[in-house]
Peer 1: 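Before anything else, here's the structure in question.
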Amino acid sequence: MAMSASEQGSATEGPSGQTDGAHRAEAICDELVAAGITLLAWVPDSETHFMHDVIEARDEIRVVQVCREGEALALCAGAYAGGARAALLIENQGLFDAGNILKWTIGMRLPYVMLVGYLFYETMQRDKTGAVLTVQGVRDVTEPFLTAFGVPTWIVARDEDTRLVGKACDAAFDERTPTAVLLSSADRYHPGT
Amino acid sequence: MIARNLFLDELASVRGPDDVVVFTMSPCNYWPQASPSPLNLFVGGAMGYASSVALGLALAAPERRVIVLDGDGSLLMNLGTLVTLGHARPSNLVHFVLENGLYELTGRVGIPGRGAVDFEAIARGAGLEATTYDELEPLAGDLPSLLAPDRPRLVCVRVEPGAREPMQATDTLRRAPELAHEMTTLLAGARA
């Protein structure tokens, strides 16, 4: 599941060139729509805050809010079984909670695209000394978690990276497997504000 | 209390040829025999998520009736699904929960809240229509109307524990991915 440097979406650079979060969100939605995504299951969270207003305003995609992240994966898999293409929008910590249903959907070859807020990705980028202020384990576990499940994964950390969402969609439905796009915050939303 | 397989027989008798049935756990041995269909989808190894898979199906295929055969232990693992169903309000989904108070397939240990948890009340609190049956005759009589919802519904069926029998490694389990793919192809073809 290793990504080439060009596909990592600047894994080694800071989020330079970051513009309005809504602009990046619209571009991501454009990629989803172009890939035929008509349904999106969602648990709102801080790192994906920049997506919230935009995704709810897009008429092409029906947004279904669920209570827990595992429901989102199951719903997307069921949608594929029913003939639709679906994506989900959650955060990495919630993804960890959904390991079993992720395993099942992979085994059943019911594909969908996971847009996953990458909490503490920026923090990791800013602090290159290794003294990272983070919730224990979040940054260290996110990519290994997806690798352990064999999920093809891309990182979107700049506006220019949004094309990778289309790539993730193509991979999901061509290979009939869930794929993941890790999203760094585009609006630097601070929880509680 | 209702004999589970007698309920499944009644449901099979009214199940339409175009209905999709998503089932999990203890019906896994009997349901495929009672109602063989390419539109059966078994959710095994992902306990708790049958209703969430079914919701995705129902939203993707609004022209289809989607029936869920869930267990009480499974439902407890994903209780938020009732709120999600009440929020999404699919008009083509009926959710049956077979309540025997046990994790029947994994050693018959009682579920938490056995005898106390009231799924009907929880479902109503989540905005769903909900009914409980502990006798077969009224349930069988109501099945046609229960299966014609214009809003999501939970039907609680209080069942006796089934006879102890090994979980069978049938096609339902072994070929689950292929069967799901066949169903997907069938649904897509019917829509084309």
Side-chain angles (χ1 to χ4, degrees), chain A residues 36-44 56 60-90 94-95 97-114 149-150 172-178, chain B residues 20 22 24 38-64 66 68 74 77-90 92-93 126 173-192:
Chain A
I37 302 289
T38 57
L39 194 61
L40 182 135
W42 177 32
V43 179
E56 286 202 293
E60 310 99 314
I61 301 176
R62 176 173 179 172
V63 176
V64 182
Q65 192 171 350
V66 298
C67 295
R68 189 76 241 203
E69 287 81 356
E71 293 180 78
L73 278 71
L75 188 155
C76 288
Y80 182 81
R85 290 186 171 191
L88 56 90
L89 180 64
I90 62 175
L95 175 64
D97 215 49
N100 194 42
I101 186 63
L102 174 60
K103 172 218 72 184
W104 183 79
T105 59
I106 292 169
M108 289 292 285
R109 302 200 68 198
L110 296 170
Y112 47 89
V113 179
M114 298 188 284
F149 281 93
F173 300 110
D174 288 347
E175 301 301 320
R176 285 178 55 209
T177 186
Chain B
V20 178
V22 181
T24 190
L39 298 180
N40 285 336
L41 179 62
F42 178 59
V43 178
M47 196 167 165
Y49 288 111
S51 58
S52 303
V53 172
L55 175 58
L57 257 162
L59 294 176
E63 74 283 4
R64 297 275 174 171
V66 179
V68 187
S74 293
M77 291 189 175
N78 183 24
L79 208 50
T81 189
L82 297 178
V83 175
T84 298
L85 289 169
H87 185 69
R89 306 201 73 73
N92 57 331
L93 186 149
L173 274 64
R174 288 187 287 105
R175 294 186 58 231
E178 297 164 58
L179 295 174
H181 184 61
E182 289 171 11
M183 184 183 78
T184 302
T185 304
L186 192 66
L187 291 176
R191 197 174 295 125

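Chain A is the first sequence line, chain B the second, and so forth, proteins listed ahead of strands; every chain is numbered from 1.
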Peer 1: Distance check, rounded to the nearest 0.5 Å: Leu75(A) atom CG versus Leu59(B) atom CG?
Peer 2: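 So the gap between those two atoms works out to 6.0 Å.
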Peer 1: Using non-hydrogen atoms and a 4.5 Å limit, figure out which bit of Ala54(B) sits close to chain A: side chain, backbone, both or neither.
Peer 2: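 Neither; nothing under 4.5 Å.
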Peer 1: Given a strict heavy-atom distance threshold of 4.5 Å, which part of Val43(B) is in contact with chain A: side chain, backbone, both, or neither?
Peer 2: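 Both backbone and side chain of Val43(B) come within 4.5 Å of chain A.
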Peer 1: Tell me, out of Ala61(B), Gly56(B), Ala176(B), who's got the most heavy-atom pairs with chain A below 4.5 Å.
Peer 2: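 Most heavy-atom pairs under 4.5 Å with chain A: Gly56(B).
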Peer 1: Please round to the nearest 0.5 Å and tell me the distance separating atom CG of Leu40(A) and atom CD of Gln65(A).
Peer 2: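 CD of Gln65(A) is found 11.0 Å from CG of Leu40(A).
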Peer 1: Identify which of Ala72(A), Ala81(A), Gly107(A), Gly83(A) forms the greatest number of heavy-atom pairs closer than 4.5 Å to chain B.
Peer 2: Ala81(A)
Peer 1: Tell me, do Tyr112(A) and Ile37(A) make a side-chain contact under 4.5 Å, heavy atoms counted?
Peer 2: no
Peer 1: If you tally heavy-atom pairs under 4.5 Å against chain B, which of Ala86(A), Cys67(A), Ala84(A) wins?
Peer 2: Cys67(A)
Peer 1: Quick one: which of Leu110(A), Ile101(A), Thr105(A) has the most heavy-atom pairs under 4.5 Å with chain B, could you say?
Peer 2: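 Looking at each option in turn, the highest pair count goes to Ile101(A).
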Peer 1: So, does Asn92(B) use its side chain to make a donor-acceptor pair with the main chain of Arg64(B) at under 3.5 Å?
Peer 2: yes
Peer 1: Between Glu71(A) and Val66(A), what is the shortest heavy-atom contact and its length?
Peer 2: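 Minimum heavy-atom contact is CB-CB, 3.8 Å.
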Peer 1: Chain B: which of Lys103(A), Arg176(A), Arg62(A) shares the most heavy-atom pairs with it under 4.5 Å?
Peer 2: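 Of Lys103(A), Arg176(A), Arg62(A), Arg176(A) has the most heavy-atom pairs under 4.5 Å with chain B.
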Peer 1: Side chain, backbone, both or neither: which part of Leu187(B) has an atom under 4.5 Å from a heavy atom of chain A?
Peer 2: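 The side chain, not the backbone.
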Peer 1: Between Ala188(B) and chain A, which part of the residue has a heavy atom less than 4.5 Å away: side chain, backbone, both or neither?
Peer 2: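 Neither part; nothing is under 4.5 Å.
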Peer 1: In terms of heavy-atom pairs under 4.5 Å, which option from Gly45(B), Gly44(B), Ser52(B), Ala60(B) contacts chain A the most?
Peer 2: Ser52(B)
Peer 1: Ignoring hydrogens and geometry beyond distance, is a side-chain donor-acceptor pair present between Thr81(B) and Ser51(B) at under 3.5 Å?
Peer 2: yes
Peer 1: Once you round to the nearest 0.5 Å, how far does CG of Leu41(B) lie from CE of Met183(B)?
Peer 2: 4.5 Å
Peer 1: In terms of heavy-atom proximity below 4.5 Å to chain A, should Leu79(B) be classed as side chain, backbone, both, or neither?
Peer 2: neither
Peer 1: Hey, is the main chain of Glu178(B) close enough, under 3.5 Å, to the side chain of Arg109(A) for a donor-acceptor pair?
Peer 2: no
